[in-house]
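Have a look at the structure below before the remarks.
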Amino acid sequence: MQKVAILGSTGSIGRNTLDVVDRLSPRFQVVALSGGTNIELLAEQTLRYKPEIISVATESHAKDLKERLASLNCLTSKIYVGMEGMLEVATHPQAEIVVSATVGALGLLPTYKAIELGRRVAIANKEPLVMAGELMQKCARENRAEILPVDSEHNALHQCLRGEKKHEVVRLILTASGGPFRNASKEEMEKATVKEALNHPTWQMGSKITIDSATMMNKGLEVIEAHWLFGFTPEQIDIVIHPQSVVHSMVELVDGSFLAQLGRTDMRLPIQYAMTYPERLVLDLPRLDLPSLQKLEFFAPDRERFPAIDLSYKALQLGGVAPAVLNAANEVAVAAFLAGKIGFMDISKLIAQALLACEKQGVKELNSIEDALNADDWTRVQTSAFITELADLSLTGKY
Ligand code: MG
């Protein structure tokens with residue numbers, strides 16, 4: 001039985017991971033779960049999987065969970081709190097596979113620590129790779145850890161690259177659904193509401209990543225993620241809009257062949273692949289019905305309406321901590337948009353502003369995880385100040 005720890009067990013990837021664990025029973029045993037704030041679900045998961053340790057966001061969540069578990073007569077798991085708890089889960093001594101599925105920068109340190117211990121890390125949380133991909137790859141090489149992508153595009157690329165030599169690959173092509181504003185005008189996007197932005201056409205996901213899909217920052221982050229996962233230059237990584245989300249990504253080879261991975265939009269496939277690689281096991285889910293698809297379309301992305309794409313390439317070119325700055329500015333801006341403080345198009349403006357501020361003071365090098373975390377802190381302060389400025393300007397009618 002392989003022991004599994006899950007960071008982010010109550011989110012969409014976490015729940016799907018547990019479904020894969022159930023389907024492949026008794027292959028995996030869950031030893032540690034970190035679940036943030038959804039205590040009701042975490043109590044259910046604890047009752048069912050009996051992990052040795054659980055981690056929650058705060059002391060009051062821990063108290064709530066303890067009470068629930070007591071009433072269920074299930075008090076065998078040890079409960080931890082906050083970052084300390086996430087680190088306990090990520091470094092559980094028995095865990096062979098760590099599924100990294102938290103949202104945002106929060107996952108960086110725990111994911112890094114799991115890599116340091118030489119674990120297999122099935123990574124769905126893209127921000128750690130964006131913030132410190134170079135360090136994570138170096139750490140993985142030194143400690144013989146495997147990083148297997150769960151993000152559907154990168155999982156598709158991993159599958160396409162399995163049998164290929166690196167010098168025979170010309171280009172990686174990430175597909176993007178285009179999100180809810182694929183055909184919207186710039187004016188409509190300026191006025192877009194939170195509800196409209198959360199209305200993703202093909203994938204059901206958490207709110208942060210759904211807004212990232214609407215701005216196409218998700219694809220920008222994925223370009224950076226692909227760069228660090230597979231070692232191709234930014235010029236070798238392209239984005240194509242594919243509204244049907246059937247082709248999950250492609251690689252182009254030197255002889256002009258294209259290899260693609262196709263499948264239904266169900267995260268259980270990439271999760272199972274990452275957990276069982278290099279084996280391929282049966283996954284009994286509905287299959288693609290090719291005739292019913294009728295058409296697969298591909299378009300070039302509109303870089304003017306979706307400035308997040310070019311900003312991501314720029315951050316990658318700037319190097320050092322610039323991708324961490326891009327990521328933090330995006331996280332703060334998305335939270336502000338979700339809270340109704342800024343407009344939809346302000347998200348990319350704030351990211352551009354943060355990158356410019358970072359460039360002005362000279363882009364710092366990325367030599368340690370602390371460098372990435374410091375850049376993250378610095379950017380959060382800067383971007384929050386920009387948001388206050390923006391609000392003042394809009395109140396006085398100057399914006
Ligand atoms: Mg993706």
If the condition is salt bridge (charged side-chain N to carboxylate O under 4.0 Å, His left out), which residues does Arg68 pass it with, not counting sequence neighbours?
Asp64

Hey, what do you get for CG (Leu42) to CD1 (Ile54), rounding to the nearest 0.5 Å?
5.5 Å

Considering all heavy atoms of both residues, which atom of Leu135 and which atom of Ile369 are nearest to each other, and what is their separation?
CD1-N, 3.6 Å

I need the full list of ring pair (Phe, Tyr, Trp, His ring centres under 6.0 Å) pairs touching residues 125-167, with sequence neighbours left out, sorted by first then second residue.
His158-Tyr273, His158-Tyr277

How far apart are the closest heavy atoms of Ala197 and Pro180, and which atoms are they?
O-CG, 3.7 Å

Hey, any chance Met1 and Leu281 share a hydrophobic cluster, counting ILVMFWY side chains that come within less than 4.5 Å of each other, even indirectly?
no

Side chain of Ser100, backbone of Ala124: donor and acceptor closer than 3.5 Å?
no

Common cluster, Ile115/Val31, ILVMFWY with side-chain heavy-atom separation under 4.5 Å:
no

Kindly indicate, with the supporting measurements, whether the criterion side chain to side chain contact (heavy atoms under 4.5 Å, CB included) is fulfilled by Met136 and Tyr112.
CA-CA 6 Å; Met136 294 179 76; Tyr112 188 79; 3.9 Å; yes

Nearest atoms (heavy-atom pairs only) where Ile79 meets Ala62:
CG2-CB, 3.9 Å

Do Gln236 and Thr233 have side-chain atoms, one donor and one acceptor, less than 3.5 Å apart?
yes

Heavy-atom closest pair (Phe337 atom, Ile342 atom, distance to 0.1 Å) is CD1-O, 3.4 Å

Give me each pair satisfying salt bridge (charged side-chain N to carboxylate O under 4.0 Å, His left out) with a member in residues 223-245, each pair once, sequence neighbours excluded.
Arg171-Asp238

Test of understanding: clusters of I, L, V, M, F, W, Y form through side-chain heavy atoms closer than 4.5 Å, transitively. Do Leu148 and Val30 belong to the same one?
no

Stepwise side chain to side chain contact (heavy atoms under 4.5 Å, CB included) test for Trp228 and Val130
CA-CA 8 Å; Trp228 294 121; Val130 170; over 6 Å; no

Is there a donor-acceptor pair closer than 3.5 Å between any side-chain N or O of Asn16 and the backbone N or O of Arg268?
no

Could you walk me through whether Lys63 and Glu67 pass salt bridge (charged side-chain N to carboxylate O under 4.0 Å, His left out), step by step?
CA-CA 6 Å; Lys63 187 169 166 270; Glu67 282 166 12; 3.6 Å; yes

Asp376 versus Asn327, side-chain donor and acceptor atoms under 3.5 Å
no

Does Asn143 reach the main-chain N or O of Ala140 with its side chain, forming a donor-acceptor pair under 3.5 Å?
no

Scan Asn218, Leu338, Val103 and name whichever one has a side-chain contact (heavy atoms from CB on, under 4.5 Å) with Lys208.
Val103

Would you say Met250 and Leu259 make side-chain contact, with heavy atoms under 4.5 Å?
no

Please determine whether a side-chain nitrogen of the Lys or Arg among Asp266 and Arg264 lies less than 4.0 Å from a carboxylate oxygen of the Asp or Glu.
no

Can you list everything that forms a side chain to side chain contact (heavy atoms under 4.5 Å, CB included) with Gln261? Sequence neighbours excluded, please.
Ala156, Gln159, Cys160, His248, Leu269

Go through the steps for Ile97 and Phe28 under the test side chain to side chain contact (heavy atoms under 4.5 Å, CB included), then give the verdict.
CA-CA 9 Å; Ile97 301 176; Phe28 298 112; 3.7 Å; yes

Distance in Å, Met216 CE paired with Glu222 CD, rounded so as to fall on 0.5 Å steps:
9.0 Å

Are there more than 12 heavy atoms of other residues, nucleotides or ligands under 6.0 Å from atom CD of Glu365?
no

What do the steps show when you test Lys314 against Glu359 for side chain to side chain contact (heavy atoms under 4.5 Å, CB included), and what is the final call?
CA-CA 11 Å; Lys314 187 182 168 188; Glu359 229 183 323; 3.0 Å; yes

Would you name the heavy atoms of Ile241 and Arg182 that are closest together and state the gap between them?
CG2-CD, 3.6 Å

Side-chain heavy atoms under 4.5 angstrom apart, residues restricted to Ile, Leu, Val, Met, Phe, Trp, Tyr: same cluster for Leu41 and Val99?
no

Just wondering, do Asn125 and Pro128 contact through their side chains at under 4.5 Å, heavy atoms?
yes

Would you call Arg23-Asp19 a salt bridge at under 4.0 Å N-O?
yes

Any luck finding a side-chain donor-acceptor pair between Gln29 and Gln2 under 3.5 Å?
no

Assigning hydrophobic clusters by single linkage (Ile, Leu, Val, Met, Phe, Trp, Tyr; side-chain heavy-atom cutoff under 4.5 Å), is Leu18 placed with Ile13?
yes

Please round to the nearest 0.5 Å and tell me the distance separating atom CG of Asp212 and atom CG of Asn330.
4.5 Å

Got a sec, which residues hit salt bridge (charged side-chain N to carboxylate O under 4.0 Å, His left out) with Glu164, two or more places apart in sequence or on another chain?
none

Could you tell me whether the side chain of Ser213 and the main chain of Ile209 form a donor-acceptor pair under 3.5 Å?
yes

For residues 282-334, pull every pair meeting ring pair (Phe, Tyr, Trp, His ring centres under 6.0 Å), keeping only residues two or more places apart or in separate chains.
His242-Phe298

Any donor and acceptor pair, going by atom type alone, linking the side chain of Arg119 with main-chain N or O of Glu146 inside 3.5 Å?
no

If we ignore angles and hydrogens, is there a donor and acceptor under 3.5 Å between the side chains of Ser55 and Ser34?
no

Is Ser25 reaching over with its side chain to a backbone N or O of Val21, donor-acceptor style, under 3.5 angstrom?
no

Between CG of Leu157 and CZ of Arg162, what distance do you get to the nearest 0.5 Å?
14.0 Å

I'd like to know if the side chain of Asp302 reaches the main chain of Glu304, judged simply by a donor and an acceptor atom lying under 3.5 Å from each other, with no hydrogens or angles considered.
yes

Between Glu190 and Lys186 (salt bridge meaning N to carboxylate O under 4.0 Å), is one present in this structure?
no

Could you measure the distance from the CD atom of Gln272 to the CE atom of Met267? Nearest 0.5 Å is fine.
13.0 Å

So that I can tick it off, tell me whether Glu153 and Lys219 are bridged by a salt bridge, with the cut-off set at under 4.0 angstrom between side-chain N and carboxylate O.
yes

Spatial distance of atom CD (Glu40) from atom CD (Gln45) [nearest 0.5 Å]
11.5 Å

So Ser249 and Val247, do their side chains get closer than 4.5 Å, heavy atoms only?
no

Is a salt bridge present between Asp346 and Lys349, judged by a nitrogen-to-oxygen distance below 4.0 Å?
yes

Salt bridge (charged side-chain N to carboxylate O under 4.0 Å, His left out) assessment of Glu134 paired with Lys138
CA-CA 6 Å; Glu134 188 175 7; Lys138 187 166 166 272; over 6 Å; no

Between Leu311 and Leu326, which heavy-atom pair has the shortest distance, and what is it?
O-CD1, 3.7 Å

Under 4.0 Å between a side-chain nitrogen and a carboxylate oxygen: does that hold for Lys3 and Glu52?
no

Salt bridge or not for Arg380 and Glu331, using N-O below 4.0 Å?
yes

For Ser185, is there any backbone N or O sitting under 3.5 Å from a side-chain donor or acceptor partner on Glu188?
yes

